[in-house]
> 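Please see the structure below; I have some questions.
Keep in mind that this is a model prediction, so the values were computed, not measured.
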Amino acid sequence: MSPTARRSHGLITNRVRRALDKFLDGGEYACHQDVNVIHNRKAWIPDVFVAPEDTEPCGDEDDMGVRADSMHLIVEVVSPRKRNQDRDRVHKRREYARAGIPVYVIIDDYDGQGAVTLFTGSPTARTSLFPKAPPRDS
């Protein structure tokens, strides 16, 4: 079992989930957490994702999670430590792009400035939404 993330990570993740829940309320899509996203027999656990409310038809053949082709949005909150930061900023970005995830959002409080970055389409498409965010208090 892996340890849980820092308290601030959980707070940000839950705020994003609650905001998406409100936005998606009453529609056919929902915000999900703590579920494997499967592509080419690889599993990733995003902090938050948007997929159909009913994920039963979206399950992979081994029932280990939800197929990547059913994702509409994935959000990752960057975790402390270089290895975790590389995973969220580089490895997951690359894997989500390969899996065809249409929108990937990174909330990064460890880049020296604080940033929310939106990736869409190709892995090189980049739009910084809040490049002037205040630095993290350490």
> Using every non-hydrogen atom in the two residues, find where Glu76 and Pro46 come nearest and quote the distance to one decimal.
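Taking every non-hydrogen atom into account, OE2-CA, 3.0 Å.
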
> Just how far is it from atom CZ of Phe49 to atom CH2 of Trp44, taken to the nearest 0.5 Å?
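Rounded to the nearest 0.5 Å, the CZ-CH2 separation comes out at 15.5 Å.
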
> Which value, rounded to the nearest 0.5 Å, describes the distance between Arg67 atom CZ and Thr55 atom OG1?
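Spacing of CZ (Arg67) from OG1 (Thr55) equals 10.5 Å.
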
> Considering only residues two or more places apart or on different chains, which pairs with a residue in residues 36-53 satisfy salt bridge (charged side-chain N to carboxylate O under 4.0 Å, His left out)?
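Salt bridge (charged side-chain N to carboxylate O under 4.0 Å, His left out) check on residues 36-53 returns Arg41-Glu61, Arg41-Asp62, Lys42-Glu95.
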
> Extract all donor-acceptor atom pairs below 3.5 Å that involve side chains of residues 22-35 and protein atoms in other chains or at least two apart in sequence.
from	atom 1	to	atom 2	distance (Å)
His32	NE2	Pro52	O	3.1
Gln33	OE1	Arg17	NE	2.6

> For the hydrophobic clusters of this structure (ILVMFWY residues joined by side-chain heavy atoms under 4.5 Å, transitively), does one cluster hold both Ile38 and Tyr96?
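In one cluster with Ile38: Tyr96, no.
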
> Quick one: salt bridge (Lys or Arg N to Asp or Glu O under 4.0 Å) partners of Arg87, sequence neighbours excluded?
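With sequence neighbours excluded, Arg87 shows a salt bridge (Lys or Arg N to Asp or Glu O under 4.0 Å) to no residue whatsoever.
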
> Please answer whether the main-chain N or O of Pro102 pairs with a side-chain N or O of Thr120 as donor and acceptor at a distance below 3.5 Å.
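Yes, the answer is positive, given that a donor and an acceptor are paired below the 3.5 Å cut-off.
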
> Looking only at non-hydrogen atoms, find the nearest pair between Ala51 and Met71 and report the distance.
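Minimum heavy-atom separation between Ala51 and Met71: CB-CE, 4.1 Å.
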
> Could you check if a side-chain atom of Leu73 sits within less than 4.5 angstrom of a side-chain atom of Val105, using non-hydrogen atoms only?
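A side-chain contact under 4.5 Å exists here.
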
> Can you tell me how far apart NE2 (His9) and CG (Asn14) are? Round to the nearest 0.5 Å.
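Here the rounded value is 10.0 Å.
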
> Using only atom types and a distance under 3.5 Å, with no angle test, would you say the side chain of Asp60 pairs donor to acceptor with the backbone of Gly65?
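Flag set: sc Asp60 to bb Gly65 pair under 3.5 Å.
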
> What distance separates Arg93 CZ from Ile106 CD1, expressed to the nearest 0.5 Å?
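Those atoms lie 7.0 Å apart.
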
> Quick check for you: to the nearest 0.5 Å, what is the distance between Arg94 atom CZ and Phe119 atom CZ?
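Reported value, rounded in 0.5 Å steps: 12.5 Å.
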
> Would Val75 and Ile107 count as a side-chain contact (heavy atoms from CB on, under 4.5 Å) here? Give the steps.
CA-CA 8 Å; Val75 178; Ile107 300 173; 4.0 Å; yes

